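I have placed the structure first, in the form of structure tokens, so that the comments after it can refer back to it.
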Amino acid sequence: MHEFAVTILAFALILGVLVFVHEMGHYLAARWRGVKVDTFSIGFGPALYRWRDRTGTEWRISAIPLGGFVKPHGFEDPEDATPEQKASWVPGQTFHDKPVGSRMLVIVMGPVFNFIFAILLFTVLFTSVGKPEMKNEIAQVAPHSAAEKAGLQKGDVITRLGSLDVFNFADIQAHAVTMPGVETTLGIKRGDQTLSLPIKLDRVPGKLGAPDKGSIGVMAELVPGKPMSFGRAVIGGLHETWHVSVQTLQGVWQIITGHRSAKELGGTIRIAQLSGQVAHYGFASILSFMALLSINLGLINLFPIPLLDGGRLVFYVAEAVRGKPVSRRVQEVSYQAGFALIAALFLFSTFNDLSNLGLFH
């Protein structure tokens, strides 16, 4: 019961901070462009606590901590607004009256703030504890393991697992766990040689009904980092944010093209589970986990899917090019399709999470 409480609390706090940062990007951009903000909510559903500031914005902490929203004044399309809504609009402070460039800025600053926050977190992490590095080469081969049977040696670098090009040692482990007992090949760099070795991954029984996991049977060397100067830490934070963003997009593309299993997609339950784990690992792990989540939140919101920030940006770019808004019919159909896609992804990722917990075994 104590572990469950820690997990829920850690999840609510970590996600709450990231949502606050994202929505603050929208809020500050709106205020900068002269748009009044009606509501700033952390969470959805009934408000647990609310207050109104001197500018008229209602700030809320709501019951369901799975996101949040900022509602700019006059966000509704004038054709869809009720007479009561139109009567309440303050001239010159409505979202829909602003130039398309200002509207684009308000929308894009949410994801931008997530990337800035990730850079800040990495900077704090690197100035305090440094940047630990996991070497790509194999430091140890477990006796009687799949790796030993395949002929892997200390110092080998794994470059490919089956048809999947791997980025680093963590990527190898993440993909291998989904392949218990699978026969495949490993791309190996051994000195100046490039080898392809057949291997049958070990099958590690899952605990408490969880599914079995795959294992290669190798370990890497983790080199502790050293605290950096502030300047080097900022540069390191920029580089790490870019590196993680590129790897994440490559991973998504590999799932879309079938080179990586869609079972790797995790959802809310998986994030909550990991939040509880990192809460026990200390300050550095929490910062690192939050930075990774912040990058993912920024990237996801930039995907060109209607209902997400990226989908709205597509409509505004089209408006800027055409000189007039996209037709209401196209927007309505797009939003319906976007909702269906997001709902399907949510259900699929939740199914994956529950499967990993052993619910269907």
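Everything numeric in this text was worked out from a predicted model, so none of it was measured.
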- Message: Test of understanding: clusters of I, L, V, M, F, W, Y form through side-chain heavy atoms closer than 4.5 Å, transitively. Do Leu297 and Leu13 belong to the same one?
- Response: no

- Short side-chain to backbone donor-acceptor contact, Arg33 and Val35, under 3.5 Å: no

- Task: Classify the angle between the aromatic ring planes of Phe20 and Phe40 as parallel (below 30°), tilted (30 to 60°) or perpendicular (above 60°).
- Result: tilted

- Message: Please report the interatomic distance CD(Gln93) to OG1(Thr55), rounded to the nearest 0.5 Å.
- Response: 9.0 Å

- Note on the structure: Here the pair of heavy atoms bringing Val37 nearest to Arg31 is CG2-CD, 4.2 Å

- Are Ile295 and Val234 grouped together when hydrophobic residues (ILVMFWY) are joined by side-chain heavy atoms under 4.5 angstrom apart? no

- Item | Closest approach of Leu121 to Ala291 (non-hydrogen atoms, all atoms of both residues) | CD1-N, 3.5 Å

- Task: Sequence neighbours left out, what pairs pass salt bridge (Lys or Arg N to Asp or Glu O under 4.0 Å) with at least one residue falling in residues 100-118?
- Result: Arg103-Glu319

- Fit a plane to each ring of Trp59 and Trp51, take the angle between them on a 0 to 90° scale, and name the class: parallel (under 30°), tilted (30 to 60°) or perpendicular (over 60°). parallel

- Query: Do Thr39 and Val70 come within less than 4.5 Å of each other through their side chains, counting heavy atoms only?
  - Reply: no

- Query: Under the 3.5 angstrom rule, does the side chain of His96 hit a backbone N or O of Gly74 as a donor-acceptor pair?
  - Reply: yes

- Task: May I ask whether Tyr335 and Phe346 are part of the same hydrophobic cluster, defined by side-chain heavy atoms of I, L, V, M, F, W, Y residues being less than 4.5 angstrom apart, directly or through others?
- Result: no

- SB check Lys154 Asp156 (cutoff 4.0 Å): no

- Task: Supply the members, apart from Val314, of the Ile/Leu/Val/Met/Phe/Trp/Tyr cluster built from side-chain contacts under 4.5 Å; use none for a lone residue.
- Result: none

- If you take all heavy atoms of Gln331 and Val326, which pair is closest and at what distance? NE2-O, 2.8 Å

- Task: Run the salt-bridge test on Lys131 and Glu240 with the 4.0 Å N-O cut-off and return the result as yes or no.
- Result: yes

- Which pairs pass ring-ring contact (aromatic ring centres under 6.0 Å, His included) with one or both residues in residues 109-136, sequence neighbours excluded? Phe122-Phe126

- Short question: side chain of Lys149, backbone of Lys200 - any donor-acceptor pair under 3.5 Å? no

- Item | Atom CZ of Arg322: over 12 foreign heavy atoms under 6.0 Å | yes

- Can you establish whether the number of heavy atoms outside Lys189 located under 6.0 Å from its atom NZ is more than 12? no

- Taking all non-hydrogen atoms of both residues, which atom of Thr127 and which atom of Phe230 are closest, and how far apart? CG2-CA, 4.0 Å

- Leu18 reachable from Leu299 in the ILVMFWY side-chain graph, under 4.5 Å edges: yes

- Thr248 side chain to Val244 backbone, donor-acceptor under 3.5 Å: yes

- Hphob cluster co-occupancy, Trp242 + Ile119, side-chain heavy atoms under 4.5 angstrom: no

- Query: For residues Asp202 and His144, is any side-chain donor paired with an opposing acceptor at under 3.5 Å?
  - Reply: no

- Roughly how far, to the nearest 0.5 Å, is the NE2 atom of His243 from the CG atom of Leu238? 14.5 Å

- Steps toward side-chain hydrogen bond (donor to acceptor under 3.5 Å, both in side chains) verdict (Asp97, His73): CA-CA 10 Å; Asp97 279 338; His73 186 61; over 6 Å; no

- Query: Less than 4.5 Å apart, any side-chain heavy atom of Leu197 and any of Ile199?
  - Reply: no

- Spatial distance of atom CG (Leu186) from atom CG (Leu201) [nearest 0.5 Å]: 7.0 Å

- Task: Would you confirm whether Glu23, through its side chain, and Ser41, through its main-chain N or O, come within 3.5 Å as a donor-acceptor pair?
- Result: no

- Message: Classify the ring geometry of Phe95 against Phe75: parallel below 30°, tilted from 30° to 60°, perpendicular beyond 60°.
- Response: tilted

- Message: Looking at every heavy atom in both Ile107 and His26, which two are closest together, and how far apart are they?
- Response: O-CE1, 2.8 Å

- Exam field: side chain Ser275 to backbone Ile271, donor-acceptor pair closer than 3.5 Å: yes

- Closest non-hydrogen atom pair, Ala118 against Ser294: N-OG, 4.2 Å

- Test: Glu58 and Arg60 ion pair at under 4.0 Å: yes

